[in-house]
Amino acid sequence: MEQGSSNFIEDIIDKDIEAGCDKIVTRFPPEPNGYLHIGHAKSLCINFGMKSKYGGECNLRYDDTNPCKEDQEYVDSIKRDIAWLGFKWDRELYASDYFDRMYECAVGLIMKGLAYVCDYSADEIRATRGTLTAPGQNSPWRERTVSENLRLFDEMKRGLYADGEKVLRAKIDMASPNMNMRDPVIYRILHETHHRTGDKWVIYPMYDFAHPLEDAFEGITHSICTLEFEDHRPLYDWVKTNCGFGDFPKQIEFARLNITRTIMSKRFLKKLVDEGKVSGWSDPRMPTLSGMRERGYPPEAIRNFCAAVGVTKANSEVDVAYLEHFVRDHLNNTADRVMVVKDPIEMIIEDMEGGELCRVENNPNAETVTYRDVILGRRIYIDRADFAPVPPPKYKRLVPGGTVRLKGAYIVEYVSHECDDAGNVTRVVCRRIPDSKSGGANAGIKVKGVIQWVNADDCVDIELHEYDYLLLDGEGDFNDRLTPDSHRIFAGAKGEACLADAKPYDRFQFMRMGYFSAAGSYGEGDRSFNMITGLKDSYAK
RNA sequence: AGGGGUAUCGCCAAGCGGUAAGGCAUCAGACUUUGACUCUGAUAUGCGUAGGUUCGAAUCCUGCUACCCCUGCCA
């Protein structure tokens, strides 16, 4: 593991260690109300990174304090995605496991005179909260006695009140410039069935009350979250202190990940799923971890990307090309190459009789290079883009009168070609240059271009998926932000038959066009299946 | 005079008073049985802005400006 310069969170932890904090414990606390996406990967990498850097622990904790939005399907997916990314949590926990202890803490606050039952409706609370520039007003129930609060809170718990009839509020300061401190609601009544505790509870703690307690109960030392919670830190500390905990846990905030053209709002992603715009949370076009897995992203690439992006408090938007760089980087060293012909035209090698075995490297960049045998017959297919009757400037592949190397096989020279009525090339006839195969006497002859080919008799059809992201641009309603590209994909134009030299795989995953294509004038879109394209079984079934 | 944050190359990002790392992207070459990979070289007299302190400032001080977050019984 790389351990370059440290980030600001590590600086804080280093100081805490110097001051005597001997074991670092972090946690990844998703609410199970959706699938994890690439943005969560950053948080995962940070939290689990602390575990590996400091030899501490990192817990997986489902923050399931709102029964209205949570579901078992989500906890299953979260677990699966974290494991796929390559992280191992120390303990798997649920906020709902602490409901009893949290209730006791709330009672403790009441007894200290630091919490009260308020009969205001949600609207009334909003109306008396004040504004960003004006202080709020005290609730008329703010000075209820401890015993009355205790009785009322117990009645809330026993289900004597309807949803919204009463709440428990922390008694802090209605004039605080920090809105979060204006007597925040810490318990609300919700007659909902919880996905784990069932109907045991009808009151549920709010995030601001629950989270510091969850952290404290677990012995979390550093509670790492995103920037929008900075304003909540005073409340986090208030709860922590008044419930009897010390310096730790300590909340630290970092800037969430943004990637160009990539929507990472759960709300939007859920809408896509609910409206059937995609096949589900795992649709390969989704920026969810499971969608990326379906699409063939190596988890290592995602981890390397997160490490490279760094941890700061500056709002930023990382170019999606940076993510793609790490995908190429990883695949370049690990992926087996396969020759693929996307738009086939026939090539006849007129001086060939039967088939001849050719040895092709699976991955020239592997530590130990392996080979596969491919038969070169008299009749093969090459890609339409690899022969140009009228070559554009700087064209390096086959042209009338020219030569080209068939990857892993012979150099062939042009003899003739045929076109259909529309002028499209239908067949190219060539002749081998003798002994030009690897190891042959003429193998050293220089040719400008090397092209892929598949043997006509034993190549296989494969289904090519050229998924693109869900591309989103501009402002306005989500549906207006889908680009024409996305619509095209939504229309179902995603599969295309191709021919490959390899045996049929259960499943082919193709990275975005251009990952392994040539750069430059004949790059993307033209030679996109330039040798590497297939990612076979890049994830466990 | 609401509060809390952030500002270093097109995009990330180091730097923490001693004279602007690195990566991505881009451009130019070399190499190549993937126009890939790899390799070379180029790319901020400048660190939001205006002043100040200092022998010396992206780093310290002051004033501005821009952007982000906060008025859920969501997390």
Side-chain angles (χ1 to χ4, degrees), chain A residues 4-5 7 11 29-31 33 63-66 68-69 118 120-123 125-127 129-136 163-169 176-182 184-190 203-204 206-208 210-211 225-234 253 255 260 266 305 308-326 328-329 332-333 337 339 360-361 364-365 394-397 405-411 436-438 443-444 446-452 515-523 526-527 529-532:
Chain A
S5 60
N7 58 51
D11 290 344
E31 181 186 15
N33 67 346
D63 211 358
D64 56 351
T65 56
N66 185 349
C68 308
K69 300 203 281 183
C118 179
Y120 263 159
S121 68
D123 285 341
I125 287 183
R126 188 176 311 120
R129 183 155 31 221
T131 67
L132 295 178
T133 52
D163 289 7
E165 209 176 324
K166 284 180 165 45
V167 291
L168 184 69
R169 292 228 252 171
S176 172
N178 182 344
M179 301 297 284
N180 297 120
M181 301 298 269
R182 318 244 262 227
V185 172
I186 58 177
Y187 259 97
R188 78 285 215 184
I189 299 170
L190 249 26
I203 56 171
Y204 292 92
M206 297 286 289
Y207 168 87
D208 282 313
H211 209 85
C225 63
T226 43
L227 246 30
E228 65 268 28
F229 291 104
E230 276 181 316
D231 287 340
H232 295 246
R233 188 166 2 114
E253 312 84 10
T260 55
K266 263 188 199 172
F305 167 72
V309 157
V311 185
T312 67
K313 288 172 84 91
N315 285 119
S316 62
E317 186 177 49
V318 180
D319 194 324
V320 69
Y322 203 30
L323 205 210
E324 293 170 347
H325 159 75
F326 288 98
R328 283 195 298 272
D329 184 54
N332 184 43
N333 294 313
R337 277 68 162 167
M339 290 194 285
V360 185
E361 289 177 323
N365 293 336
K394 294 184 182 172
Y395 190 74
K396 291 170 73 169
R397 288 156 278 158
R405 165 143 243 143
L406 297 177
K407 173 83 186 165
Y410 292 92
I411 298 171
S436 59
K437 225 164 111 175
S438 183
K446 298 290 182 196
V447 285
K448 278 190 302 183
V450 180
I451 64 173
Q452 294 179 57
Y515 270 173
F516 290 95
S517 71
S521 35
Y522 298 101
D526 181 355
R527 305 207 68 199
F529 299 100
N530 198 352
M531 199 60 200
I532 310 177

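Throughout, a chain's letter reflects where its sequence line sits, starting with A, and its residues are numbered from 1. Below, all heavy atoms of this structure are taken into account, side chains as well, without hydrogens, waters or symmetry copies.
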### Task
Treat primed atoms plus P, OP1 and OP2 as sugar-phosphate and everything else as base, then score nucleotides 70-75 of chain B 5' to 3': B for base contact with protein heavy atoms under 4.0 Å, S for sugar-phosphate contact only, - for none.
BBSBBB
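Within the 4.0 angstrom heavy-atom criterion, base atoms lie near A:Ser438. Among the protein residues, A:Thr226 comes within range of no part of the nucleic acid, since none of its heavy atoms lies under 4.0 Å from any strand. Nucleic acid contact for A:Gly408: base, since at least one base atom lies under 4.0 Å from a heavy atom of the residue. Counting non-hydrogen atoms under 4.0 angstrom, A:Glu253 reaches nothing in the nucleic acid.
The distance from atom CD of A:Glu324 to atom C1' of B:G23 is 16 Å, rounded to the nearest whole Å. If you take CG of A:Asp329 and C1' of B:A36, they are 13 Å apart, rounded to a whole angstrom. Counting to the nearest Å, the C1' atom of B:A13 and the CZ atom of A:Phe305 are 13 Å from each other. Atoms CG (A:Asn315) and P (B:U6) sit 10 Å apart, rounded to a whole Å. Rounded to an integer number of Å, the gap from A:Leu323 CG to B:A25 P is 12 Å. The CG atom of A:Asp319 sits 13 Å away from the P atom of B:A13 (whole-angstrom rounding). Taking atom NZ of A:Lys313 as the reference point, atom C1' of B:A13 lies 17 Å away to the nearest angstrom. Counting to the nearest Å, the P atom of B:A13 and the CZ atom of A:Phe326 are 13 Å from each other.
A:Tyr204 OH to A:Thr65 OG1: the interatomic distance, rounded to the nearest 0.5 Å, is 10.5 Å. Here the CD1 atom belonging to A:Ile125 is positioned 9.0 Å from the OH atom belonging to A:Tyr120, to the nearest 0.5 angstrom.
With 3.5 Å as the limit, one finds a donor-acceptor pair spanning the side chains of A:Asn332 and A:Asn365.
Within the structure, a side-chain polar atom (N or O) of A:Arg328 is placed less than 4.0 Å from OP1 or OP2 of B:A25.
By the ring-ring contact (aromatic ring centres under 6.0 Å, His included) test, A:Phe229 is found to be paired with A:Tyr207, A:His232, residues two or more places apart in sequence or in another chain being considered. Taking A:Tyr410 as the reference, nothing meets the ring-ring contact (aromatic ring centres under 6.0 Å, His included) condition, with sequence neighbours excluded.
Of all the heavy atoms in A:Gly130 and A:Arg182, the pair that sits closest is C-NH2, 3.7 Å.
Scanning RNA chain B for stems, defined as runs of 3 or more consecutive Watson-Crick or G-U wobble pairs whose donor-acceptor distances all fall under 3.5 Å, gives the following ranges: B:2-7 with B:65-70, B:10-12 with B:22-24, B:26-30 with B:38-42, B:48-52 with B:60-64.
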Sub-3.5 Å pairs of nitrogen or oxygen atoms, protein against nucleotides 26-32 of chain B:
residue, atom, partner, partner atom, Å
B:U32, OP1, A:Lys446, NZ, 3.4

Tabulate protein N/O versus nucleotide N/O from nucleotides 40-43 of chain B, keeping only pairs under 3.5 Å, one per line.
none

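One N or O on the side chain of A:Thr312 and one on the backbone of A:Ala314 form a donor-acceptor pair closer than 3.5 Å. Within the 3.5 Å criterion, the main-chain N or O of A:Asp231 finds a donor-acceptor partner in the side chain of A:Asn178. Judged purely by atom type and a 3.5 angstrom limit, A:Thr260 uses its side chain to pair as donor or acceptor with the backbone of A:Val320.
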